[in-house]
Amino acid sequence: MLTLHPQVVSGYVGNKIAVFVLQSLGCDVAALNTVQFSNHTGYRQWTGTKVSAQEITDLYNGLRQSYLDDFDMMLSGYIPGAEAVVAVGNIAKELKEKTQGTPGKFFWVLDPVMGDNGKIYVAEDVVPAYKSLVPYADLILPNQFEAELLSDVKIVDMETLNQAIQALHDRYRISHVVITSVKLSSPDHPADHLSVVGSSMTSSGKARLFKIVFPAIDCYFCGTGDMFGALTTMRMREAVEKVPGLSQRPNWLSDDNTPVLELPLAKAIEKVLASMHEVLSKTRDGMAAVVEHTRATMTDDDKSDETKAHFVKTKAAELQLVRNLDCLRIPAVEFKAKAI
């Protein structure tokens with residue numbers, strides 16, 4: 001599998017998460033870093049560089065020249081700039097072209113990282129660059145705001161959420177969609193809960209919708225989207241392989257008569273959210289010990305400095321993956337999918 005994400009020296013975001021999760025679940029991984037930073041940007045200060053489009057292309061060409069490009073899956077996350085987005089898209093297109101005669105041989109999971117909470121945090125030209133690539137992906141993982149950007153539908157309730165997902169299927173012919181961290185105000189979406197809503201379309205392009213509602217954890221974490229993407233990639237393949245012949249079908253699309261709750265995507269996301277909730281809960285529970293340990297090494301002046309206090313708090317919120325392997329491998333599924 002090929003994963004394209006940012007890389008940090010310390011902490012867990014991007015490829016630091018994706019590679020660990022994928023390998024922990026038994027996958028051989030080739031990691032192409034789109035960014036090399038000292039730490040993630042949640043610290044509000046960092047050092048390092050972004051990889052250019054040419055460097056991404058050169059690195060992939062190096063793999064190809066050594067016959068190291070026999071990937072059956074690709075997972076892509078944050079990509080710095082429109083030219084780099086195009087370069088990553090070209091890699092995916094080439095891998096798809098290589099397997100054109102063997103349906104299902106290559107599967108691209110695309111996380112179109114553009115913004116969140118109503119704000120774009122990439123250059124404006126990144127949005128049309130992603131829109132041009134979505135038709136080549138097999139599964140996309142936008143958050144609510146990114147789904148609005150791609151579908152041109154403002155999501156305010158379940159009706160507009162359904163419209164947005166159907167628009168994604170119609171406009172891009174994208175087979176599988178998962179919208180993460182959906183926040184809606186309605187009786188079946190309590191204020192302290194979040195939803196993940198997904199769909200695998202029928203052969204005629206009609207959405208087959210499901211949702212999973214789960215309690216929010218009142219903490220700020222970085223890297224949750226990267227963990228979600230890596231887990232989804234592996235759990236989707238796992239679920240597909242349990243259905244005879246499905247992995248040899250284009251885009252891994254299930255028969256039209258498959259019940260919504262039996263869709264591999266629904267089964268996969270149940271396991272993904274189980275792992276996510278366990279890891280985040282254990283990270284939250286361990287934060288006080290990290291703060292205490294770090295503050296013990298600080299001077300009194302440092303302890304009273306608001307900026308340094310932010311560093312300590314952010315450090316404590318780094319996802320605790322290594323010590324919680326069982327949460328990744330054998331999570332207890334608590335939150336079940338419901339058909340919409």
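Values below: all heavy atoms of this structure, side chains included; hydrogens, waters and symmetry mates excluded. All figures in this text were calculated on a predicted structure; none of them were measured in a lab.
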Practice problem: Apply the test side-chain hydrogen bond (donor to acceptor under 3.5 Å, both in side chains) to residues N90 and T57: give CA-CA distance (whole Å), side-chain angles for both, the deciding distance (0.1 Å), then the verdict. | Solution: CA-CA 9 Å; N90 288 338; T57 302; over 6 Å; no
Is there a donor in the side chain of [X] and an acceptor in the side chain of [Y], or the other way round, less than 3.5 Å apart?
| X | Y | value |
| --- | --- | --- |
| D111 | S76 | no |
| Q166 | N162 | no |
| Q65 | N61 | no |
| D256 | T202 | no |

Please report whether the ring centroid of [Y] lies less than 6.0 Å from that of [X].
| X | Y | result |
| --- | --- | --- |
| H169 | Y172 | no |
| F335 | H277 | yes |
| F107 | W252 | yes |

Self-check item: Flag if over 12 foreign heavy atoms under 6.0 Å of OH, Y136
Solution: no
Quiz item: Are there more than 12 heavy atoms of other residues, nucleotides or ligands under 6.0 Å from atom NZ of K93?
Solution: yes
Practice problem: Verify side-chain hydrogen bond (donor to acceptor under 3.5 Å, both in side chains) between E278 and S281, making sure each step is shown before the conclusion. | Solution: CA-CA 5 Å; E278 289 182 19; S281 295; over 6 Å; no
Under 4.0 Å between a side-chain nitrogen and a carboxylate oxygen: does that hold for [X] and [Y]?
| X | Y | result |
| --- | --- | --- |
| E238 | K271 | yes |
| R237 | D72 | yes |
| R64 | E94 | yes |
| D152 | R171 | yes |
| K96 | D138 | yes |
| D69 | K98 | yes |

Quiz prompt | Residues that Y78 engages under ring-ring contact (aromatic ring centres under 6.0 Å, His included), provided they are two or more places apart | solution =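 If we apply the ring-ring contact (aromatic ring centres under 6.0 Å, His included) test to Y78, skipping adjacent residues, there are no hits.
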Self-check item: Backbone of E146 reached by a side-chain donor or acceptor of N143 within 3.5 Å
Solution: yes
Quiz item: Any donor and acceptor pair, going by atom type alone, linking the side chain of D157 with main-chain N or O of E159 inside 3.5 Å?
Solution: yes
Looking only at non-hydrogen atoms, find the nearest pair between [X] and [Y] and report the distance.
| X | Y | answer |
| --- | --- | --- |
| T160 | V153 | O-CG1, 3.6 Å |
| L231 | S275 | CD1-CB, 3.8 Å |
| L265 | S199 | CD2-O, 3.6 Å |

Exercise. Examine K308 relative to F311 and say whether NZ or CZ is less than 6.0 Å from the centre of the six-membered ring and inside a 45° cone about the ring axis.
Key: no
Self-check item: Pairwise side-chain contact, N117 with K119, heavy-atom cut-off 4.5 Å (strictly under)
Solution: no
Practice problem: In sequence, state the C-alpha distance, the side-chain angles, and the governing distance for D326 and K282, and then conclude on salt bridge (charged side-chain N to carboxylate O under 4.0 Å, His left out). | Solution: CA-CA 12 Å; D326 283 351; K282 289 180 181 294; over 6 Å; no
Quiz item: Does the side-chain contact (heavy atoms from CB on, under 4.5 Å) test come out yes or no for V197 and F210, once each step is laid out?
Solution: CA-CA 6 Å; V197 179; F210 65 87; over 6 Å; no
Practice problem: Check the pair V9 / F37 against side-chain contact (heavy atoms from CB on, under 4.5 Å), numbers first and verdict last. | Solution: CA-CA 6 Å; V9 176; F37 284 169; over 6 Å; no
Quiz prompt | salt bridge (charged side-chain N to carboxylate O under 4.0 Å, His left out): pairs with one or both residues in residues 26-38, sequence neighbours excluded | solution =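 Of all non-adjacent pairs touching residues 26-38, none passes salt bridge (charged side-chain N to carboxylate O under 4.0 Å, His left out).
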